[in-house]
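Because the structure is a prediction, the values reported are computed rather than measured.
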Amino acid sequence: QVHLVESGGGSVQAGGSLRLSCEVTGVTYSNYCGAWFRQAPGKEREGVAQIDSSGDIVYADFAKGRFTVGKDNAKNTLYLHLNNLRPEDTAMYYCAVDSTSGYCFGGVDADHEFNYWGQGTQVTVSS
């Protein structure tokens with residue numbers, strides 16, 4: 001059984017930073033596509049970044065230059081470093097895994113490709 005457990009959200013002022021973590025259990029040899037999504041109140045869920053088993057990364061335009069996605073295969077953990085945060089980054093952040101493939105398909109917003117999701121961690125940025 002695959003489980004994703006997120007941590008690291010919180011409240012920061014604009015310009016601040018946070019590191020989100022997502023511990024992945026139940027997937028063999030870290031062979032999966034991992035991703036981060038977010039959803040703000042009243043808005044649709046949107047992709048933030050994704051990383052495949054070989055380390056190839058895709059970012060949403062709003063994340064480029066500010067957010068960094070990473071993966072520690074030894075700890076089977078996904079990370080999302082959020083820097084220079086803005087109030088519009090306020091959202092629930094979710095990690096997701098496509099355990100059927102080590103490659104990512106469909107683009108950064110392709111949430112339908114992912115078969116396992118974390119519970120979400122709240123990020124709140126004040127101005």
Side-chain angles (χ1 to χ4, degrees):
Q1 187 71 13
V2 178
H3 291 285
L4 282 63
V5 179
E6 295 143 346
S7 60
S11 297
V12 296
Q13 291 189 326
S17 298
L18 287 171
R19 187 184 79 163
L20 308 184
S21 299
C22 174
E23 183 180 4
V24 181
T25 57
V27 181
T28 305
Y29 303 125
S30 300
N31 188 35
Y32 55 83
C33 169
W36 290 91
F37 292 83
R38 71 182 188 181
Q39 188 166 21
K43 295 187 176 181
E44 292 188 356
R45 184 164 58 194
E46 60 182 351
V48 179
Q50 55 185 217
I51 181 168
D52 70 14
S53 59
S54 63
D56 288 341
I57 292 170
V58 177
Y59 290 104
D61 286 344
F62 66 81
K64 292 176 182 176
R66 298 191 301 127
F67 298 172
T68 303
V69 66
K71 186 179 179 184
D72 185 331
N73 288 330
K75 296 181 179 179
N76 218 3
T77 300
L78 293 167
Y79 298 99
L80 184 66
H81 298 258
L82 309 173
N83 298 309
N84 193 20
L85 283 161
R86 305 165 179 165
E88 55 264 38
D89 295 318
T90 296
M92 187 73 79
Y93 284 71
Y94 299 89
C95 64
V97 159
D98 175 5
S99 65
T100 67
S101 174
Y103 297 100
C104 299
F105 299 98
V108 71
D109 284 321
D111 55 359
H112 59 278
E113 294 286 341
F114 295 87
N115 53 343
Y116 293 101
W117 291 80
Q119 80 283 0
T121 186
Q122 178 68 37
V123 171
T124 303
V125 185
S126 58
S127 57

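- By the 4.5 Å heavy-atom criterion applied to side chains, Asp89 and Arg66 are counted as neighbours.
- Under the 4.5 Å side-chain heavy-atom criterion for ILVMFWY residues, a single connected hydrophobic cluster contains both Leu78 and Val48.
- Asn115 places a side-chain heavy atom less than 4.5 Å from the side chain of Asp98.
- Taking CZ of Arg45 as the reference point, atom CH2 of Trp117 lies at 3.5 Å (rounded to 0.5 Å).
- In terms of heavy-atom proximity, Val125 sits nearest to Thr90 at N-OG1, 2.9 Å.
- No single ILVMFWY cluster, assembled from side-chain heavy atoms under 4.5 Å apart, contains both Met92 and Tyr79.
- Under the 4.5 Å side-chain criterion, counting only non-hydrogen atoms from C-beta, Ser53 is in contact with Lys71.
- Contact between Tyr93 and Ala91 at its shortest, heavy atoms only, is CD1-O, 3.3 Å.
- Formation of a donor-acceptor pair under 3.5 Å by the Tyr59 side chain with backbone atoms of Gly65 is not found in this model.
- Shown here are the salt bridge (charged side-chain N to carboxylate O under 4.0 Å, His left out) partners of Lys64, two or more places apart in sequence or in another chain: Asp61.
- Between Gln119 and Leu4, the closest side-chain pair of non-hydrogen atoms is not below 4.5 Å.
- Counting non-hydrogen atoms of other residues, nucleotides and ligands closer than 6.0 Å to CZ of Phe62 gives a total above 12.
- Interatomic distance, Gln50 CD to Asp111 CG, rounded to the nearest 0.5 Å: 11.0 Å.
- No donor-acceptor pair under 3.5 Å is formed between the side chain of Asn73 and the backbone N or O of Asn76.
- Here the closest heavy-atom approach between residue Ser127 and residue Pro87 is recorded as CB-CG, 3.9 Å.
- Take Glu46 and apply the side-chain hydrogen bond (donor to acceptor under 3.5 Å, both in side chains) test, not counting sequence neighbours, and it matches Arg38.
- Summarising the geometry of Val27 relative to Asn31, their closest heavy-atom pair is CG1-O, 4.0 Å, with the distance given to 0.1 Å.
- The cluster map of Ile, Leu, Val, Met, Phe, Trp and Tyr, joined by side-chain heavy atoms under 4.5 Å apart, puts Leu80 and Val97 in the same cluster.
- The closest donor-acceptor contact from the side chain of Asp109 to the backbone of Gly47 lies under 3.5 Å.
- The shortest heavy-atom contact between Thr77 and Ser21 is CG2-CB, 4.3 Å.
- Hydrophobic clustering (side-chain heavy atoms under 4.5 Å, transitive across Ile, Leu, Val, Met, Phe, Trp, Tyr) keeps Leu20 apart from Phe37.
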### Task
Show the numbers, then the answer: is there a side chain to side chain contact (heavy atoms under 4.5 Å, CB included) between Phe67 and Leu85?
CA-CA 9 Å; Phe67 298 172; Leu85 283 161; 4.0 Å; yes
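- Ring centroid separation for the pair Tyr116 and Tyr32 does not come in under the 6.0 Å cut-off.
- Cluster annotation: Tyr94 is not connected to Val5 through the hydrophobic network of ILVMFWY side chains, with a link wherever side-chain heavy atoms come within less than 4.5 Å.
- The stretch residues 65-115 participates, sequence neighbours left out, in these disulfide (SG to SG under 2.5 Å) pairs: Cys22-Cys95, Cys33-Cys104.
- In terms of modelled atom types and a separation under 3.5 Å, the side chain of Gln1 and the main chain of Gly26 share no donor-acceptor contact.
- Across every non-hydrogen atom of Glu113 and Phe105, the tightest pair is CG-O, 3.4 Å.
- Counting heavy atoms from C-beta on, the side chains of Lys75 and Glu23 never come closer than 4.5 Å.
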